[in-house]
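If you read the sequence from its start, that first residue is 1, and numbering goes on from there. When a ligand or atom number is given, it counts from 1 through the structure's own listing order.
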Amino acid sequence: MSEAEQKVALVTGASRGIGRAIALRLAKDGAKVVLVARNEEKLAAVAKEITDAGGSALVKPCDMSDAAAVKDLVKGTAKELGRLDVLVNNAGITRDNLVMRMKDQEWDDVLNVNLKAVFVACREATRPMLRARRGRIVNITSIVGLIGNAGQVNYASAKAAIVGLTKSLAKELGSRGVTVNAVAPGYIETDMTSELGEDIKKSLLDRVPLGCLGQSDDIAATVSFLASDEARYITGEVIRVDGGLAM
Ligand code: NDP
(Lines give C-alpha, C1' and ligand atoms only; values in the text may rest on other atoms or scores of the structure.)
Protein backbone atom coordinates (compact mmCIF):
# COMPACT_ATOMS: atom_id res chain seq x y z
CA MET A 1 0.00 0.00 0.00
CA SER A 2 1.41 3.43 -0.88
CA GLU A 3 1.70 6.08 1.81
CA ALA A 4 -0.94 8.16 0.03
CA GLU A 5 -3.45 5.30 0.27
CA GLN A 6 -2.76 4.52 3.92
CA LYS A 7 -5.66 5.36 6.20
CA VAL A 8 -5.04 7.54 9.25
CA ALA A 9 -6.65 6.43 12.53
CA LEU A 10 -6.52 8.55 15.67
CA VAL A 11 -7.00 6.62 18.93
CA THR A 12 -7.34 8.39 22.27
CA GLY A 13 -6.29 6.70 25.48
CA ALA A 14 -3.84 4.60 23.48
CA SER A 15 -1.15 4.34 26.16
CA ARG A 16 -2.61 1.26 27.84
CA GLY A 17 -5.65 -1.00 28.26
CA ILE A 18 -8.38 -1.03 25.63
CA GLY A 19 -6.98 1.92 23.66
CA ARG A 20 -3.58 0.27 23.33
CA ALA A 21 -5.23 -2.90 21.99
CA ILE A 22 -7.31 -0.86 19.53
CA ALA A 23 -4.22 0.98 18.30
CA LEU A 24 -2.26 -2.25 17.80
CA ARG A 25 -5.19 -3.79 15.96
CA LEU A 26 -5.83 -0.84 13.62
CA ALA A 27 -2.10 -0.72 12.84
CA LYS A 28 -2.23 -4.44 12.01
CA ASP A 29 -5.20 -3.67 9.76
CA GLY A 30 -2.89 -1.31 7.84
CA ALA A 31 -3.68 2.15 9.24
CA LYS A 32 -1.18 4.77 10.28
CA VAL A 33 -2.18 5.18 13.91
CA VAL A 34 -1.99 8.44 15.83
CA LEU A 35 -1.54 7.53 19.49
CA VAL A 36 -3.00 9.94 22.04
CA ALA A 37 -2.84 10.03 25.85
CA ARG A 38 -0.95 12.01 28.51
CA ASN A 39 1.89 9.57 29.20
CA GLU A 40 4.38 10.14 26.38
CA GLU A 41 6.71 7.35 27.48
CA LYS A 42 3.96 4.74 27.37
CA LEU A 43 2.76 6.05 24.00
CA ALA A 44 6.30 5.75 22.65
CA ALA A 45 6.43 2.13 23.84
CA VAL A 46 3.16 1.37 22.00
CA ALA A 47 4.50 3.13 18.90
CA LYS A 48 7.64 0.99 19.06
CA GLU A 49 5.54 -2.18 19.30
CA ILE A 50 3.67 -1.07 16.18
CA THR A 51 6.76 -0.14 14.16
CA ASP A 52 8.63 -3.27 15.27
CA ALA A 53 5.74 -5.27 13.79
CA GLY A 54 6.06 -3.37 10.51
CA GLY A 55 3.26 -0.88 11.13
CA SER A 56 3.25 2.86 11.32
CA ALA A 57 2.43 5.09 14.29
CA LEU A 58 2.75 8.64 15.51
CA VAL A 59 2.81 9.81 19.13
CA LYS A 60 0.72 12.87 20.06
CA PRO A 61 0.54 13.50 23.81
CA CYS A 62 -2.58 15.41 24.82
CA ASP A 63 -4.60 15.97 27.97
CA MET A 64 -8.17 15.28 26.90
CA SER A 65 -9.54 17.35 29.80
CA ASP A 66 -8.26 20.43 27.95
CA ALA A 67 -10.84 21.14 25.22
CA ALA A 68 -8.61 23.62 23.39
CA ALA A 69 -5.81 21.05 23.26
CA VAL A 70 -8.22 18.42 21.91
CA LYS A 71 -9.32 20.82 19.18
CA ASP A 72 -5.72 21.54 18.18
CA LEU A 73 -4.85 17.85 18.28
CA VAL A 74 -7.57 16.67 15.89
CA LYS A 75 -7.47 19.68 13.60
CA GLY A 76 -3.66 19.67 13.55
CA THR A 77 -3.43 15.92 12.86
CA ALA A 78 -5.83 16.09 9.90
CA LYS A 79 -3.89 19.06 8.51
CA GLU A 80 -0.45 17.54 9.05
CA LEU A 81 -1.31 14.13 7.62
CA GLY A 82 -3.72 15.43 5.00
CA ARG A 83 -6.54 13.12 6.07
CA LEU A 84 -8.37 11.57 8.99
CA ASP A 85 -10.16 8.33 8.19
CA VAL A 86 -10.90 6.86 11.60
CA LEU A 87 -11.44 8.49 14.98
CA VAL A 88 -11.69 6.28 18.06
CA ASN A 89 -12.74 8.13 21.19
CA ASN A 90 -11.60 5.75 23.89
CA ALA A 91 -9.89 7.80 26.64
CA GLY A 92 -11.89 7.62 29.83
CA ILE A 93 -11.64 7.95 33.58
CA THR A 94 -13.67 7.12 36.66
CA ARG A 95 -14.11 9.18 39.83
CA ASP A 96 -16.58 7.00 41.70
CA ASN A 97 -18.59 8.15 44.68
CA LEU A 98 -22.09 7.86 46.04
CA VAL A 99 -24.13 10.81 44.80
CA MET A 100 -24.49 12.42 48.24
CA ARG A 101 -20.70 12.57 48.54
CA MET A 102 -19.82 13.32 44.95
CA LYS A 103 -17.89 16.55 44.60
CA ASP A 104 -18.46 18.98 41.72
CA GLN A 105 -14.86 18.34 40.73
CA GLU A 106 -15.48 14.58 40.42
CA TRP A 107 -18.44 15.31 38.16
CA ASP A 108 -16.55 17.87 36.07
CA ASP A 109 -13.41 15.73 35.68
CA VAL A 110 -15.37 12.77 34.35
CA LEU A 111 -17.67 14.83 32.12
CA ASN A 112 -14.73 16.74 30.63
CA VAL A 113 -12.64 13.71 29.68
CA ASN A 114 -15.42 11.21 28.95
CA LEU A 115 -17.88 13.49 27.15
CA LYS A 116 -16.71 16.99 26.27
CA ALA A 117 -13.48 15.72 24.72
CA VAL A 118 -15.54 13.27 22.63
CA PHE A 119 -17.76 16.09 21.39
CA VAL A 120 -14.80 18.34 20.52
CA ALA A 121 -12.88 15.52 18.80
CA CYS A 122 -15.97 14.54 16.76
CA ARG A 123 -16.61 18.15 15.80
CA GLU A 124 -13.05 18.66 14.59
CA ALA A 125 -12.99 15.31 12.74
CA THR A 126 -16.18 16.16 10.89
CA ARG A 127 -14.66 18.68 8.47
CA PRO A 128 -11.90 16.44 7.01
CA MET A 129 -14.25 13.43 6.91
CA LEU A 130 -17.04 15.35 5.16
CA ARG A 131 -14.56 16.73 2.67
CA ALA A 132 -13.36 13.19 1.93
CA ARG A 133 -17.00 11.98 1.89
CA ARG A 134 -15.98 9.06 4.05
CA GLY A 135 -14.97 8.40 7.60
CA ARG A 136 -15.45 6.21 10.63
CA ILE A 137 -16.06 7.43 14.16
CA VAL A 138 -16.18 4.86 16.96
CA ASN A 139 -16.98 6.03 20.48
CA ILE A 140 -16.27 3.82 23.46
CA THR A 141 -19.19 4.03 25.86
CA SER A 142 -19.96 1.43 28.57
CA ILE A 143 -22.79 -0.84 29.58
CA VAL A 144 -22.94 1.44 32.64
CA GLY A 145 -24.28 4.12 30.29
CA LEU A 146 -27.06 1.72 29.29
CA ILE A 147 -28.07 0.20 32.61
CA GLY A 148 -26.59 2.55 35.25
CA ASN A 149 -24.41 1.71 38.23
CA ALA A 150 -24.58 2.79 41.87
CA GLY A 151 -21.62 5.01 42.73
CA GLN A 152 -21.10 6.14 39.15
CA VAL A 153 -23.68 8.86 38.35
CA ASN A 154 -20.94 10.97 36.74
CA TYR A 155 -19.51 8.13 34.64
CA ALA A 156 -22.93 6.70 33.71
CA SER A 157 -24.19 10.15 32.68
CA ALA A 158 -21.20 10.73 30.40
CA LYS A 159 -21.42 7.26 28.88
CA ALA A 160 -25.20 7.52 28.32
CA ALA A 161 -24.67 10.90 26.67
CA ILE A 162 -22.18 9.30 24.29
CA VAL A 163 -25.00 7.09 23.02
CA GLY A 164 -27.13 10.16 22.22
CA LEU A 165 -24.16 11.94 20.69
CA THR A 166 -23.33 8.90 18.53
CA LYS A 167 -26.87 8.52 17.19
CA SER A 168 -27.33 12.25 16.53
CA LEU A 169 -24.01 12.52 14.76
CA ALA A 170 -24.78 9.38 12.74
CA LYS A 171 -27.94 11.12 11.49
CA GLU A 172 -26.04 14.33 10.68
CA LEU A 173 -23.20 12.69 8.79
CA GLY A 174 -24.81 9.61 7.22
CA SER A 175 -25.57 11.16 3.83
CA ARG A 176 -21.89 12.02 3.41
CA GLY A 177 -20.46 8.53 3.87
CA VAL A 178 -19.38 8.97 7.48
CA THR A 179 -20.51 6.32 9.97
CA VAL A 180 -20.67 6.90 13.71
CA ASN A 181 -21.02 3.96 16.08
CA ALA A 182 -20.41 3.13 19.71
CA VAL A 183 -19.01 0.10 21.48
CA ALA A 184 -20.21 -0.63 25.01
CA PRO A 185 -17.74 -2.83 26.85
CA GLY A 186 -18.82 -4.82 29.87
CA TYR A 187 -16.27 -5.90 32.42
CA ILE A 188 -12.87 -5.86 30.71
CA GLU A 189 -9.59 -6.68 32.48
CA THR A 190 -7.58 -3.42 32.49
CA ASP A 191 -6.08 -0.95 34.98
CA MET A 192 -9.54 0.63 35.28
CA THR A 193 -11.13 -2.55 36.64
CA SER A 194 -8.10 -3.79 38.60
CA GLU A 195 -9.07 -1.38 41.39
CA LEU A 196 -12.44 -3.10 42.00
CA GLY A 197 -12.72 -5.11 45.22
CA GLU A 198 -12.74 -8.91 45.01
CA ASP A 199 -16.37 -9.12 46.21
CA ILE A 200 -17.54 -6.69 43.50
CA LYS A 201 -15.55 -8.59 40.86
CA LYS A 202 -17.13 -11.87 41.95
CA SER A 203 -20.68 -10.52 41.93
CA LEU A 204 -20.10 -9.02 38.47
CA LEU A 205 -18.73 -12.29 37.14
CA ASP A 206 -21.73 -14.17 38.53
CA ARG A 207 -23.91 -12.00 36.24
CA VAL A 208 -21.91 -12.60 33.06
CA PRO A 209 -23.61 -15.39 31.06
CA LEU A 210 -20.32 -16.22 29.30
CA GLY A 211 -18.78 -16.65 32.75
CA CYS A 212 -15.50 -14.84 32.19
CA LEU A 213 -14.01 -11.37 32.00
CA GLY A 214 -13.54 -9.66 28.67
CA GLN A 215 -10.13 -8.77 27.27
CA SER A 216 -9.03 -5.57 25.54
CA ASP A 217 -8.65 -7.53 22.29
CA ASP A 218 -12.38 -8.32 22.36
CA ILE A 219 -13.10 -4.60 22.12
CA ALA A 220 -10.33 -4.02 19.58
CA ALA A 221 -11.81 -6.64 17.24
CA THR A 222 -15.20 -4.93 17.30
CA VAL A 223 -13.68 -1.50 16.69
CA SER A 224 -11.62 -2.95 13.83
CA PHE A 225 -14.79 -4.23 12.18
CA LEU A 226 -16.69 -0.95 12.64
CA ALA A 227 -13.71 0.95 11.21
CA SER A 228 -13.49 -1.33 8.18
CA ASP A 229 -15.09 -1.01 4.76
CA GLU A 230 -17.23 -4.07 5.54
CA ALA A 231 -19.17 -2.05 8.14
CA ARG A 232 -20.27 0.52 5.54
CA TYR A 233 -23.99 -0.06 6.20
CA ILE A 234 -23.86 0.18 10.00
CA THR A 235 -24.30 3.55 11.65
CA GLY A 236 -25.80 4.87 14.90
CA GLU A 237 -25.35 1.44 16.41
CA VAL A 238 -24.27 0.61 19.95
CA ILE A 239 -22.62 -2.81 20.15
CA ARG A 240 -22.35 -4.36 23.58
CA VAL A 241 -19.22 -6.45 24.06
CA ASP A 242 -19.97 -7.69 27.54
CA GLY A 243 -20.33 -11.47 27.60
CA GLY A 244 -24.09 -10.90 27.88
CA LEU A 245 -23.89 -8.96 31.15
CA ALA A 246 -26.30 -6.18 30.19
CA MET A 247 -28.68 -8.37 28.20
P1 NDP B 1 -7.50 2.49 31.46
O2 NDP B 1 -7.66 3.22 32.73
O3 NDP B 1 -6.76 1.21 31.43
O4 NDP B 1 -6.86 3.47 30.35
C5 NDP B 1 -7.40 4.74 30.15
C6 NDP B 1 -6.72 5.39 28.98
O7 NDP B 1 -7.23 6.74 28.86
C8 NDP B 1 -5.23 5.51 29.18
O9 NDP B 1 -4.57 5.35 27.95
C10 NDP B 1 -5.06 6.93 29.69
O11 NDP B 1 -3.78 7.42 29.33
C12 NDP B 1 -6.15 7.66 28.93
N13 NDP B 1 -6.55 8.88 29.61
C14 NDP B 1 -7.11 9.01 30.82
N15 NDP B 1 -7.27 10.32 31.12
C16 NDP B 1 -6.79 11.02 30.07
C17 NDP B 1 -6.66 12.41 29.78
N18 NDP B 1 -7.05 13.35 30.65
N19 NDP B 1 -6.11 12.78 28.61
C20 NDP B 1 -5.68 11.84 27.73
N21 NDP B 1 -5.79 10.51 27.93
C22 NDP B 1 -6.34 10.11 29.09
O23 NDP B 1 -8.98 2.29 30.90
P24 NDP B 1 -9.61 1.15 29.97
O25 NDP B 1 -8.65 0.77 28.91
O26 NDP B 1 -10.18 0.13 30.85
O27 NDP B 1 -10.84 1.96 29.35
C28 NDP B 1 -10.83 2.51 28.05
C29 NDP B 1 -12.24 3.00 27.73
O30 NDP B 1 -13.16 1.92 27.84
C31 NDP B 1 -12.74 4.09 28.68
O32 NDP B 1 -13.50 5.03 27.97
C33 NDP B 1 -13.63 3.32 29.63
O34 NDP B 1 -14.62 4.14 30.20
C35 NDP B 1 -14.21 2.27 28.71
N36 NDP B 1 -14.72 1.09 29.40
C37 NDP B 1 -13.87 0.25 30.08
C38 NDP B 1 -14.38 -0.86 30.72
C39 NDP B 1 -13.53 -1.84 31.46
O40 NDP B 1 -14.08 -2.77 32.02
N41 NDP B 1 -12.22 -1.68 31.49
C42 NDP B 1 -15.83 -1.13 30.71
C43 NDP B 1 -16.60 -0.20 29.98
C44 NDP B 1 -16.05 0.88 29.35
P45 NDP B 1 -2.86 8.39 30.23
O46 NDP B 1 -3.07 8.02 31.66
O47 NDP B 1 -1.49 8.12 29.72
O48 NDP B 1 -3.32 9.76 29.90
N or O pair under 3.5 Å between [X] and ligand 1:
{"X": "Arg38", "answer": "yes"}
{"X": "Gly13", "answer": "yes"}
{"X": "Met64", "answer": "yes"}
{"X": "Tyr187", "answer": "no"}
{"X": "Asp63", "answer": "yes"}
{"X": "Arg16", "answer": "yes"}
{"X": "Gly186", "answer": "yes"}

Could you list the atoms of ligand 1 found under 4.0 angstrom from a heavy atom of [X]?
{"X": "Val113", "value": "18 (N)"}
{"X": "Ile93", "value": "14 (C), 15 (N)"}
{"X": "Cys62", "value": "19 (N), 20 (C)"}
{"X": "Ala91", "value": "7 (O), 21 (N), 22 (C), 32 (O)"}
{"X": "Thr193", "value": "39 (C), 40 (O), 41 (N)"}
{"X": "Pro185", "value": "42 (C), 43 (C), 44 (C)"}
{"X": "Asp191", "value": "3 (O)"}

Give the residue and atom name of whichever protein heavy atom lies nearest to [atom], and the separation in Å to one decimal.
{"atom": "atom 26 (O) of ligand 1", "result": "Thr190 OG1, 2.5 Å"}
{"atom": "atom 21 (N) of ligand 1", "result": "Ala37 CA, 3.6 Å"}
{"atom": "atom 32 (O) of ligand 1", "result": "Asn90 O, 2.7 Å"}
{"atom": "atom 5 (C) of ligand 1", "result": "Gly92 O, 3.8 Å"}
{"atom": "atom 9 (O) of ligand 1", "result": "Ser15 OG, 2.8 Å"}
{"atom": "atom 27 (O) of ligand 1", "result": "Ile18 CD1, 4.0 Å"}
{"atom": "atom 36 (N) of ligand 1", "result": "Tyr155 OH, 3.6 Å"}

CA sep, side-chain torsions, deciding dist, call: Asp96, Gln152, side chain to side chain donor-acceptor pair (under 3.5 Å)
CA-CA 5 Å; Asp96 299 351; Gln152 290 197 309; 3.1 Å; yes
Would you mind checking if [Y] and [X] are paired as a salt bridge, meaning a charged N to carboxylate O distance below 4.0 Å?
{"X": "Asp217", "Y": "Arg25", "result": "no"}
{"X": "Lys167", "Y": "Glu237", "result": "no"}
{"X": "Lys60", "Y": "Glu80", "result": "yes"}
{"X": "Lys71", "Y": "Asp66", "result": "no"}
{"X": "Arg134", "Y": "Asp85", "result": "yes"}

Are the side chain of [X] and the backbone of [Y] linked by a donor-acceptor contact shorter than 3.5 Å?
{"X": "Asn90", "Y": "Gly13", "value": "yes"}
{"X": "Asp63", "Y": "Arg38", "value": "no"}
{"X": "Glu124", "Y": "Ala121", "value": "no"}
{"X": "Thr12", "Y": "Ala91", "value": "yes"}
{"X": "Ser224", "Y": "Ala220", "value": "no"}
{"X": "Thr141", "Y": "Lys159", "value": "yes"}

Compare Ile140, Ile188, Thr141 and give the one whose heavy atom is closest to atom 44 (C) of ligand 1.
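Answer by nearest heavy atom: Thr141.
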With a 6.0 Å cut-off (strictly less than), is the heavy-atom count around CZ of Arg123, excluding the residue itself, greater than 12?
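Yes, CZ of Arg123 has more than 12 neighbouring heavy atoms, counting only those of other groups under 6.0 Å.
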Does CG in Asp104 sit with more than 12 non-hydrogen atoms of other residues, nucleotides or ligands closer than 6.0 Å?
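12 or below, so no.
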Closest non-hydrogen atom pair between Val113 and Ser65, with its separation
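Taking every non-hydrogen atom into account, CG2-CB, 3.7 Å.
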Heavy atoms only, cut-off 4.0 Å: how does Asn39 contact ligand 1, side chain, backbone, both, or neither?
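Both parts.
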Using a 4.0 Å heavy-atom cut-off, say whether Ser216 meets ligand 1 through its side chain, its backbone, both or neither.
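For Ser216, no heavy atom sits under 4.0 Å from ligand 1.
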At the 4.0 Å heavy-atom cut-off, does Arg20 count as touching ligand 1?
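Contact check Arg20 vs ligand 1: negative.
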